[in-house]
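Here is the structure we will look at, set down as structure tokens.
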Amino acid sequence: MIKIALTGTSGAMGGEVLLHLLQSSENFYVKCILFDEEKKLPSFVKKTFKKYKSRIEAFKGSIARYEDCEKLIDGVDYVFNCASKIPPKSDHDPEGTYLSNYIGTKNLVDAVKASGREIGFVHIATVAMYGDRTYPSCWIRVGDPVISSDYDCYSLFKLKAERYVLESGLTKFVSLRQTAVLHKYMFANNLKDGLMFHTTWNGTLEWVTDRDSGKLCQNLVERDTKGELDGFWNKIYNIGGGEACRITGFETIDDGFKLMGKGAKKFFKPNWNITRNFHGGWFYDSDDLENALEFRSETNADFWKRMGKKYGYFKLGAIVPSSVISKFAIQRLFKNTNSPMYWLKHGKEGRVKAFFGGREAYNKIPSKWENFPLLCEGKLADGTEINYNEYKNIQNAKPYLLDHGYDESKPLVKLEFEDLQQAAQFRGGKCLAKDYKAGSIYDKIDWQCREGHAFSSSPYTILKGGYWCPHCCEPKPWQYGKLSDIPFYGQVYFITHDESEVNDVYPLSEDEDDFLIKK
């Protein structure tokens, strides 16, 4: 019997992982930890529990408690860490996000190490760690700078968690940076919070469906137990749905509302949504994971077709005027504290600056769609036009990739000290390991940032993780502008910012408290 520990069971991805593992093989047994405060499971998960109850062990607890993690991983062969407090909940609960996204991961890793057994540790990270990636730098790959968006506690603590996994010394791990997920709870979640307005119209997204995410984890265990994953472990991968799932924020919302017979332009105005400081992009290297695990079966179109069959209320669009739906389903969220309209009305100038560039910038956003430039229609903000289909073709992506600061034509195991020094200089610092021997990519070596902070990290963490100084590059509070004159970070920062913003500092939560500073 193969035993698998699973966190985040009640979530969009975790529930599908549970189902796919159990329906895959009668030889798979899953141990689940359910949140203490969870009053009831989603019906989808409850059905899975009922159907496969003989091969499920579940208990109430918290991964923020080490003893619960010890209990969870006892006797297992794999750990799938899908637990995470995500937006919008993370936007309102920085302390809970810290405990779930970082402390929970740390406890699981420590428990696995203390067990003395080789357990396959599968950590689910996130595209949000790459920060705001818009035209012309929409293409993302492993090794790009990781830089959380201002105010985003979710990605801040996911960064801290993944770095802990990478530096932990686990002998069998993988970090999977999950993209935006099309899942069955999307509409219910988005109609409760102003998060709906955080999708930038011209931001790029490479979606994957909840079902394909579950299939990915199923295939991982199946193939590993058969010895078919040679060279797979101890790496970072980007999870994405591939070519058919690469679109913009506008196209995403438009596709969803077309289920009501009308597109986004009938329900929204262009100045309702933020223009920057979100996250997302198209993965240049997501096929690497697909080649290893062959999990893709659904496109965006397949997902919306599935949702159209599942939810009958989409038919209301044919009989209820779009202005009425907009007023009572969308505009009512203007009062939510996570809504841009709330920030503008109540003088939340930090957020207005972070997400729009300031009130002056906001006031320049057209209120009519005919005046708003959409990337998917080939129009750029400066008035120029591009061929959108050519731009999103991966064959044309190389000129848009970010620089990693070293010769990437060399395999990582062939890099010498001089290569590491070159990479460090591109990050504004030094590599201090003059005795470095090629091939030791997972062994910690000494580095120094430009501020003089000395730290130890593996070449893999720095070059493929996209990390650098843990003192300077984990903002407390958000102040990435201070890194903008470092080439490695400047190429990300100046995608959506200008020189006038390099000294801007943003508070740590919507309440502007100092919780994170104390940690």
Please step through side-chain hydrogen bond (donor to acceptor under 3.5 Å, both in side chains) for the pair S409 and D407, ending with a clear verdict. CA-CA 5 Å; S409 67; D407 184 359; 2.5 Å; yes

Set of residues satisfying ring pair (Phe, Tyr, Trp, His ring centres under 6.0 Å) with respect to Y493, sequence neighbours excluded: H497

Qualifying ring pair (Phe, Tyr, Trp, His ring centres under 6.0 Å) pairs, either residue in residues 110-134, two or more places apart: none

Could you tell me if K71 sits above the aromatic ring of F59, with its cationic atom closer than 6.0 Å to the ring centre and no more than 45 degrees from the axis? yes

Does any pair with a residue in residues 414-435 pass side chain to side chain donor-acceptor pair (under 3.5 Å), and if so which ones, sequence neighbours excluded? K410-D419

Donor-acceptor pairs under 3.5 angstrom involving side-chain atoms of residues 459-466: please list them, not counting sequence neighbours.
| residue | atom | partner | partner atom | Å |
| --- | --- | --- | --- | --- |
| Y460 | OH | I236 | N | 2.7 |
| T461 | OG1 | E167 | OE1 | 3.1 |
| T461 | OG1 | S458 | OG | 2.9 |

When you compare the side chains of W478 and S148, does any donor N or O come within less than 3.5 Å of an acceptor on the partner? yes

Would Y164 and T105 count as having a side-chain donor-acceptor pair, cut-off 3.5 Å? no

Below 3.5 Å, can you tabulate the donor-acceptor pairs from side chains in residues 290-301 to any protein atom, sequence neighbours excluded?
| residue | atom | partner | partner atom | Å |
| --- | --- | --- | --- | --- |
| E290 | OE1 | F295 | N | 3.0 |
| E290 | OE1 | R296 | N | 3.2 |
| N291 | ND2 | D287 | O | 3.1 |
| E294 | OE1 | R223 | NH1 | 3.1 |
| E294 | OE1 | R223 | NH2 | 2.7 |
| R296 | NE | G240 | O | 3.0 |
| R296 | NE | G241 | O | 3.4 |
| R296 | NH1 | D287 | OD1 | 2.8 |
| R296 | NH2 | G240 | O | 3.1 |
| R296 | NH2 | S286 | O | 3.2 |
| R296 | NH2 | S286 | OG | 3.1 |
| R296 | NH2 | D287 | OD1 | 3.2 |
| S297 | OG | D212 | OD1 | 2.6 |
| E298 | OE1 | T209 | OG1 | 2.7 |
| E298 | OE1 | R306 | NH2 | 3.0 |
| E298 | OE2 | R306 | NE | 3.1 |
| E298 | OE2 | R306 | NH2 | 3.4 |
| T299 | OG1 | A301 | N | 3.3 |
| T299 | OG1 | D302 | N | 3.2 |
| T299 | OG1 | D302 | OD2 | 3.2 |

Are any of the side-chain nitrogens in K160 or E474 under 4.0 Å away from the carboxylate oxygens of its partner? yes

Applying the ring-ring contact (aromatic ring centres under 6.0 Å, His included) test to W282, which of Y391, Y400, W207 qualifies? Y391

Within 45 degrees of the ring normal and closer than 6.0 Å to the centroid, is that where the cationic atom of K158 sits relative to Y102? no

Can you list everything that forms a side-chain contact (heavy atoms from CB on, under 4.5 Å) with E390? Sequence neighbours excluded, please. N387, N396

